[in-house]
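Working notes, beginning with the structure itself.
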Amino acid sequence: MLFMDFSRCCERLEGTSGRLDMIDIIAAELPGLTGEELPVFVRFIMGRIFADWSSRKLGIGPNLLYEAAGAVAGISKEKVIEKINSTGDVGQAVEELLSVKSQMTFFHEELDLVHVYTSLIEIAEMEGKKSQREKLLAVRRLLGNAHPLEGRYLARILLEELRIGVGEGSVREAVAKAFGVDSALVEHAQQALNDMGEVARLAKVGPDALRDVQITPFHPVRMMLAQQGSIADMIAEHGEIAAEFKYDGSRFQFHKKGNWARLYSRRLEDVTGALPDVIRQLLDATDHDVILDGEVIAIKDGKPMPFQSVLRRFRRRHDVAEAQEAIAMVPNVFDILWLDGETLIDLPLSERRRRLEAVVTQYVAPQVTSGDPAIITQTYEDALAAGHEGIMIKVPASPYSPGQRGKNWIKIKPEVDTLDLAVIGAEWGEGKRAHVFGSFLVACQDAGRLVPLSRVATGFSDEQLAEVYELLKETVLKTSGKEVTFEPSLVFEVGYAELQASSNYEGGFALRFPRFIRLRDDKDISDIETIGSIRERYKRQANSAQAYQH
Ligand code: AMP
């Protein structure tokens, strides 16, 4: 497939608003693609480049792209940024710049979809001192051969944000339709493989190929997530339930085959290098080939440490040995997804638990199963008394559902007034904080869109501001006066005194006394609070205020 044909398809999708129409457009393209093209097309159309399980990163920031686009169009990077500010979109800006350029040059090497993909792999693999320069040249080469329309989508793919409104759900339906397979089968295969590209390839082979999928060690699967709920409701619905402590640390997935082991974070990044102590402990705990799910906590003098110290260890690239001595990291394993070649996610939790206890000799998180509310409530009290966050209640008959925030895992913890929000902008600080960002604009999500909710300027130590600055500086999209806008990448946990209805912000709410609590760089932008859940909180707040007045 020519990259031009792919771009035309993107253009058509961008001009289509109905979900069913979009599914039809995608489904019509899929059967004609070769086995090599199919996975690339499927990932690209969702604005992704590599398989979701892959830790591979392109390693280019927006600035490098602007510089490359400037070089191709014969203008400065600053002029490119001006253009982006005036069009409001990187893709459109690059398209316009290339259309001016292409009136001057006559020669284009035609871009091919798979060839673009292999170039991106090469870019991702460039490492070391000179790599930024090499990456810049490679991006220039690609853009230099692109027609204006191709430039529009290439630029957006390079930033992994295609903005044509195609989500995983639509692609799942399109794959099912194109190859005449059940969409539940497609979804199930995606849960095990964590790569829609590969799933599409198997769908082309047939339903049996989808049915036979197994989890592959060292291809991390998405983590199963939890909802809020109550002990009473869970017992009423399920009778006997399983309760575990809710550890306030960082999620991990441990993969081991023979002597080879890797550790992945909640965002499926490979964090093996930062946590050799955890790897060692888990290797000592089992002789089997396994994929384990759990939470690492930091312990000092027998007590769990604040979660921030765990996250810092997850990010650590230097002085790992020194960091190991200061605080003990302890894994708590609560699930097993794969054992000696067998995929276990479809088995009930009770059976997975039996296997877990049979093959892992240490660090298995204790579990209490009971249908008696008093016993579960006691476990909750014990968890809080031991310094943990609360408990997790799980349905013993439930499968492991990767990536899903369903009703089979319920978290019970004291109600606290904090929200996880995306950082979308900032203002430079003043005085001694003039070299870092001082106040931040944070947003919640509304059907995939980010909606500003508040500014947060208090609660930061100087050290935290410096840390946040380091994490955000590469993501600046535009600057105007003291204001900067970010490519959203970072999540803050923000505390507040009260939710207020407000017309100052688009979402209709504002936070009273917002303050920074902690960085949640274990969370993705897709994990932040939704406007729906904020509305719910607002209602609950109003109800409890009323109860108080009467
Ligand atoms: P939350 O981040 O508040 O949505 O809570 C869900 C998170 O709690 C999971 O992603 C895990 O990181 C963490 N967690 C701690 N203990 C457990 C446990 N026993 N079972 C499952 N998740 C746990």
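Note that the coordinates shown come from a computational prediction; the quantities given were computed from them, not determined experimentally. When a ligand or atom number is given, it counts from 1 through the structure's own listing order.
Using a 4.0 Å cut-off between heavy atoms, M224 makes no contact with ligand 1 at all. Within the 4.0 Å heavy-atom criterion, both parts of Y247, backbone and side chain, lie near ligand 1.
Between R266 and D524 there is no salt bridge, since none of the side-chain N atoms of the basic residue sits less than 4.0 Å from a carboxylate O of the acidic one. Between R537 and E529 there is a salt bridge, since at least one side-chain N of the basic residue sits less than 4.0 Å from a carboxylate O of the acidic one. A salt bridge does not link R520 to D527: none of the charged nitrogens lies less than 4.0 Å from a carboxylate oxygen. Remark: R48 engages E168 in a salt bridge, criterion side-chain N to carboxylate O under 4.0 Å. Comment: D248 engages R518 in a salt bridge, judged by a side-chain N to carboxylate O separation of less than 4.0 angstrom.
Ring geometry, F440 versus F460: the interplanar angle falls from 30° to 60°, so the pair is classed tilted. Between W409 and Y400, the two ring planes are perpendicular [angle over 60°; tilted spans 30° to 60°].
The aromatic ring centroids of F254 and Y363 lie 6.0 Å or more from each other. The ring of F252 has its center no closer than 6.0 angstrom to the ring center of Y264.
Heavy-atom proximity to K413, at under 4.0 Å, picks out these atoms of ligand 1: 3 (O). Against a heavy-atom cut-off of under 4.0 Å, R266 is close to the following atoms of ligand 1: 2 (O), 10 (O). The atoms of ligand 1 that sit less than 4.0 Å from any heavy atom of W409 are 21 (C). Below 4.0 Å from some heavy atom of R405 lie the following atoms of ligand 1, by number and element: 4 (O). Close contacts between ligand 1 and K394 involve ligand atoms 18 (C), 20 (N), 21 (C) [criterion: under 4.0 Å to a heavy atom].
Residue E389 places no heavy atom under 4.0 Å from ligand 1. Using a non-hydrogen distance threshold of 4.0 Å, K523 registers as a contact of ligand 1. Between M392 and ligand 1 there is a heavy-atom distance shorter than 4.0 Å.
For L225, no nitrogen or oxygen atom sits less than 3.5 Å from a nitrogen or oxygen atom of ligand 1, counting backbone and side chain alike. Considering backbone and side-chain N/O atoms, K246 comes within less than 3.5 Å of an N/O atom of ligand 1.
Looking only at protein heavy atoms, the nearest one to atom 22 (N) of ligand 1 is F334 CZ, 3.4 Å.
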